[in-house]
Amino acid sequence: MPDALAPTMTGTLLAIRDLEAWYGESHVLHGVSIDIRPGEVVTLLGRNGAGKTSTLRAIMGLTGRRKGSIVFEGRETIRMSPDAIGRAGIGYCPEERGIFASLDVTENLMLPPRVRDGGLDIPTIHALFPNLKERARSPGTKLSGGEQQMLAIARILRTGAPLLLLDEPTEGLAPVIVQQIGAMIREIKQRGFTVLLVEQNFRFAQTVADRHYVMEHGRVVDAVENSEMAGSLDRLHAYLGV
Amino acid sequence: MLEDFLFQVEMAAPQIVLGLVNGAFYALLSLGLAVIFGMLNVINFAHGAQFMMGAFVAWMLLNWLGIPYWGALILSPLIVGAFGVVLERLMISRLYKLDHLYGLLLTFGLALIIEGVFRNTFGSSGLPYAPPASLTGAPVDLGFMLLPKYRLWVVVAAFVTCIATWLVIEKTRLGAYLRAATENAPLVQAFGVNVPRMITLTYAAGVGLAALAGVLAAPIYSVNPAMGSNFIITVFAVVVIGGMGSILGSVITGFGLGLVEGLTRVVYPEASATVIFVIMAIVLLARPAGLFGRA
Ligand SMILES: Nc1ncnc2c1ncn2[C@@H]1O[C@H](COP(=O)(O)OP(=O)(O)OP(=O)(O)O)[C@@H](O)[C@H]1O
Ligand SMILES: [Mg+2]
């Protein structure tokens, strides 16, 4: 079975404590603490500018200075370079999708190096995302927004990274596509991958996640189990201003 | 009438073919500049000096160590490329976060220093470097003209090198990393690729191409400290015309402008030294990103 997660792993896969981060002089994260257990889908909710993207970028080492602790599979990564963090087993799907215009679809798909056994093989990926096979030779950015999003996720499923960071994969997509992405995230979870998902749309988040963290002004201010979501709607409305 | 025309063509052909030899150097040098600019966003003004170093290293290998031309063709680019690694690690890498202009100023300064050192050591009169025995002797008869074997070799070697470089960049996995990192280096790094090391090696490869051109040039031009700066001004015009950073564009423009220069030498010899700059001015006005550049 091509599952990403070794069955013996228990406890916390990713433990973030008091993470602070800067872009140059501007201090954007002021103490973020998050725990993710293997096999979970956890979302990061919050308004525009709350610091969700910055949290993912800080995990990857892509912000400026960072402080605090990020322990992945028992290893402290806060001093590691982005390439070392990527190779350690964290796959990153950025907010703007990061599809390369000068690479065709297959080159985009094959770009991230394999970091570990257990990634999806190409036949499986093509079965999950038939469009990527049909359009294999088109330039990556000639795909539709939804297809580009699929490609951005598919390419990190290939690498075997057990933890995937997905930044607003549903942003700007039509409702049907959003549903497909929801189904895909559930499928990923079933295959044993762990997902940290940034979302603005908590109705969507509710359909895929086990737990939710809420961010405001660069801090995690609340955490809600998905099973308690219904009872917490007023609170969430207040945070998210919807 | 027709005879007249054929006579014209026959007269023109040698100049055009010799233009192709110059074009070979333009193509190799602007290719190296394009490779470096694409990845580092630095306009490598030291390129001419590194070309000159390539020729000098070949001369030193031959005269000090007895290593002949064919060995120098491989060793000199490696040696000068290693020098490029040191430059990139110690100096150029500190400037990536700043404006292009700083990289340009730094490499310009380096070019002056390198040239100065070579002028002080070797004088400015130029040292002879003979072509290898296998490429001397009777010229090749192309039907319409006789071309010295060595010049034919230069055109072929430059062409093959350009095509090989293009294939590596367009068709290999390493090339995919390079193209992707040109677009979004942090993301490629987050995928687990050691981008800083890749940048260093790309600079070394670009510098190595300059040195290779230098070795090819050594038997044609005398090996002298100014040989790079003579060439590089024209090469920068070629780069501007082709479009900064376009690999294929730099190759096509390099060979093409060599031909145009040769043709001008036939039609209107007085303009042959300036025709490339006239074209540059026109291209800058009509298509500022260059013929092959993305606006
Ligand atoms: N490159 C940057 N330089 C300086 N400040 C930045 C940079 N990127 C983001 N910020 C600031 O950091 C804060 C958090 O931004 P971030 O992008 O993490 O928010 P977000 O929660 O992802 O928002 P959105 O829902 O709009 O994507 C904002 O105030 C933003 O202006
Ligand atoms: Mg964001």
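Just so it is clear: chains get the letters A, B, ... in the order the sequence lines come, proteins before strands, and each one is counted from 1. Given the structure is predicted, the values throughout are model-derived calculations rather than measurements.
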For the student: nearest non-hydrogen atoms of A/Leu62 and B/Ala190, plus distance: CD1-CB, 4.0 Å
Distance (rounded to the nearest 0.5 Å) between B/Leu187 CG and A/Arg97 CZ: 13.5 Å
Crowding at NZ, A/Lys189 (>12 non-hydrogen neighbours, <6.0 Å): yes
A/Arg155 versus chain B, the contacting section by heavy-atom distance below 4.5 Å: side chain
Neighbour count above 12 (heavy atom, 6.0 Å) for A/Arg17 CZ: yes
Nearest heavy-atom neighbours spanning A/Ile99 and B/Glu183: O-OE1, 4.2 Å
Gap between atom CZ of B/Phe191 and atom CG of A/Asp83 - 0.5 Å precision: 13.0 Å
Contact leader toward chain B among A/Pro82, A/Ala84, A/Gly61, where contacts are heavy-atom pairs under 4.5 Å: A/Pro82
Gap separating the CG atom of A/Asp104 from the CZ atom of B/Arg179, nearest 0.5 angstrom: 7.5 Å
Toward chain B, the part of A/Ala88 with a non-hydrogen atom under 4.5 Å: neither
Nearest non-hydrogen partners of B/Tyr177 and A/Leu111, listed with the distance: CE2-O, 3.2 Å
Shortest non-hydrogen contact between B/Asn194 and A/Arg87, atoms and distance: N-NH1, 4.5 Å
Which atom of A/Pro113 lies closest to which atom of B/Arg173, heavy atoms considered: CA-NH2, 3.7 Å
